[in-house]
Amino acid sequence: MNNVSDITLDALVAEVLKKKNDGWRFVTLSCTELDEESCDILYHFDKDLASSHFRLKAPKATPIPSISSVYFSAFLVENEIQDQFNLKFDGLAVDFERTLLLDEEVTTTPFCRYGVSRANQ
Amino acid sequence: MKTIVPFGPQHPVLPEPIHLNLEVENEIVTGAIPAIGYVHRGLEKLCEIRDFNQMIQVCERVCGICSAIHAQCYCQCIEEMMGVEVPDRARYLRTIWGELHRMHSHLLWLGLFADSFGFESLFMQCWKIREKVMDIMEATTGNRVVISVNIVGGVRRNLDPEQIRWVLSELKFVEEGVKSVEAALLEDYTVKRRLKGKGVLTKEDALLLGAAGPTLRGSNVAQDMRQLGYAAYGEIGFEPVVEPDGDSYSRNKVRFRETLQSIELVRRAIDKLPEGDISVKVKGRPEGEVYHRVEQPRGECVYYLRGNGSKNLERLRIRTPTFANIPPLLTMLPGSELADVPVLILSIDPCVSCTER
Amino acid sequence: MQFIKNFIAKSRAKSPWIMHFDCGSCNGCDIEVLACLTPMYDVERFGVVNVGNPKHADVLLVTGTVNPRNQKVLRNLYDQMPDPKGVIAIGSCGLSGGIFRDCYNVVGGVDKVIPVDVYVPGCPAKPEAIIDGVVKALGKFESLRRAG
Ligand code: SF4
């Protein structure tokens, strides 16, 4: 993977806005669990077939600012990550509260090896 | 007065369950909220139990309609990770089977779309033509839908000269068939009245909302992942199909023209098909990260893989084209009439099973 | 009255109306079910009609695995169908969960939720096999008629 730059929580929304103004198209997010405390989130963008990525090391406990105010289409994938990793996104355009893919009855966080369940939060 | 009309999950025009809550005012849709999750299985997680070779079979079943292209993309990712050079013949064969899949997917969609605006015999006609494509796949690979030809390092099956001649002669029938429905699909008065100017997506919106595939190209954006030149596309010459208007009719026309283009691409690939091996032996384990994109019948499909040198991948992430096309759909719906909703939903070619994986 | 009853029992066996529901299938089996209804395989020649309303249906074709969300829909559709009714599970997924049985969001085969009469194996099941399955399910109605 080329063209990856690291990014911090505070700079996230501003940097993404810059991308948008430069005419980049939002592709998707990829999230991977790293260890007990943190996840690795990649933001993928595309412009005329070229790709560029942001890498964010997100602590699980702090909410992540949502970029759905910049790119509306991000709300789906952010909801998906909420479902699967039990992360929290702040300021989502539409918040499904962890029921986008999973049913209300499901209380586990499937993608977290070290996850906490929704019931005992 | 506002009313909420539930659409789905079981609906006659949709073969798959998707649910939309439509906010309706005097027959005019004013808002739409999707509710998905009826088909979610969670197969990305399987990469922790199955090894990276077994995962090919799982990736094929992300979506049965474009299974060969999913497997192709996954194999290309693993090959990139392990630095495997695939034989030329295998790259061409992958292109051929990939384009056959695109053909059958587009014909399937043209049929369902015709059904959504009430042309049942056209639906039957498209599916009849499609059966020829299915025959070609069954004869060359042994299966109709999930053809399982891709492996890491190449393909599993070869085409002999006899088969190639037969495939070319069958393709002639397919081409004639597709041309024979052109007048009904594109020129008919009723069809034009039902599709022209419905669900307009401007070029700016399409880019901003991250639309993909024919939905994007129907809005006058010439972007197709095949331009990246993976498999044999760089060598056989490829130009994306673009239509200017951004309405349902444009999207219909893009898919129709792409069907004919696929036939042409298969012919070109067969024409240039190099001799040689069809696979190489692969040693080692995948390690590192890759991000790879291919063009599926429905648009750009993104794979992100992360390996740690063991036989299981650490993370497999799949972003499928319909996932990207749902936000454009949500902005297309407000302002349309309730009776047009099935047409608009179908015009993005929703594939729910790959959206939810 | 008896005449009408006989007539209905006979039509049910001779011209069953089917409804197709997709639980968590990968589409492979779905499109094969649809292929059955279109010109090459054409089950309509046996009097089989595809309907979209569970209240009209005699036979339910289910493809795919059951997950916690769609099991309620499946149950609901089954309950809405009038008696007697037949259920056909299609594909390895519908039988046992198939390739997806280890996934976190999969409950298992269709028979975990509703009773199944006929199982059609295959991944995906061939259209010929699906037609055979429908014919098998008709045997159930036929025997009901005899007993009738
Ligand atoms: S049985 Fe196979 S083809 Fe059918 S839905 Fe399941 S995975 Fe797909």
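Throughout, protein chains are lettered first and strands after them, A, B, ... in sequence-line order, and every chain is numbered starting at 1. Predicted model only: the values in this text are computed from it and were never measured.
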> Could you look at B/His104 and say if it's the side chain, the backbone, both or neither that has a heavy atom under 4.5 Å from chain C?
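It is the side chain, since no backbone atom gets that close.
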
> Is it true that B/Lys132 and B/Glu176 make a salt bridge, defined as a side-chain N closer than 4.0 Å to a carboxylate O?
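Salt bridge between B/Lys132 and B/Glu176, a charged N being under 4.0 Å from a carboxylate O: no.
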
> Using heavy-atom distances under 4.5 Å, tell me whether B/Glu138 contacts chain C through its side chain, its backbone, both, or neither.
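The side chain, not the backbone.
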
> Answer with yes or no after comparing the ring centroid distance for C/Tyr104 and B/His40 against a 6.0 Å cut-off, counting only values under it.
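Ring centroids of C/Tyr104 and B/His40 are less than 6.0 Å from each other.
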
> Are B/Phe117 and B/Phe113 an aromatic pair, judged by ring center distance below 6.0 Å?
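Yes, they do, as the ring centres are separated by less than 6.0 Å.
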
> Given a strict heavy-atom distance threshold of 4.5 Å, which part of C/Asn67 is in contact with chain B: side chain, backbone, both, or neither?
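Only the side chain of C/Asn67 comes within 4.5 Å of chain B.
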
> Which atoms of B/Leu108 come close to chain C, meaning under 4.5 Å heavy atom to heavy atom: side chain ones, backbone ones, both, or neither?
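Looking at B/Leu108, just its side chain touches chain C.
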
> Counting only heavy atoms closer than 4.5 Å, note whether C/Ser25 contacts chain B via side chain, backbone, both or neither.
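Backbone only.
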
> Given a strict heavy-atom distance threshold of 4.5 Å, which part of C/Cys29 is in contact with chain B: side chain, backbone, both, or neither?
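For C/Cys29, no heavy atom lies under 4.5 Å from chain B.
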
> Kindly compute the distance separating CD (B/Glu44) from CZ (B/Arg315), expressed to the nearest 0.5 Å.
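One gets 5.0 Å once the value is rounded to the nearest 0.5 Å.
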
> Looking at B/Tyr304, I'd like to know if the NZ or CZ of B/Arg317 sits under 6.0 Å from its six-membered ring centre while staying within 45 degrees of the ring's axis.
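So B/Arg317 doesn't make the cation-pi contact.
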
> Relative to chain C, which of B/Met124, B/Gln54, B/Gln57, B/Lys128 shows the most heavy atom pairs under 4.5 Å?
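With the most close heavy-atom pairs to chain C, the winner is B/Met124.
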
> Validate the cation-pi geometry between B/Lys311 and B/Phe52: distance from NZ or CZ to the six-membered ring centre under 6.0 Å, angle to the ring axis within 45°.
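No.
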
> Heavy-atom pairs under 4.5 Å with chain B are the metric here; pick the option from C/Val33, C/Asp102, C/Thr65 that has the most.
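Ranked by contacts with chain B, first place is C/Asp102.
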
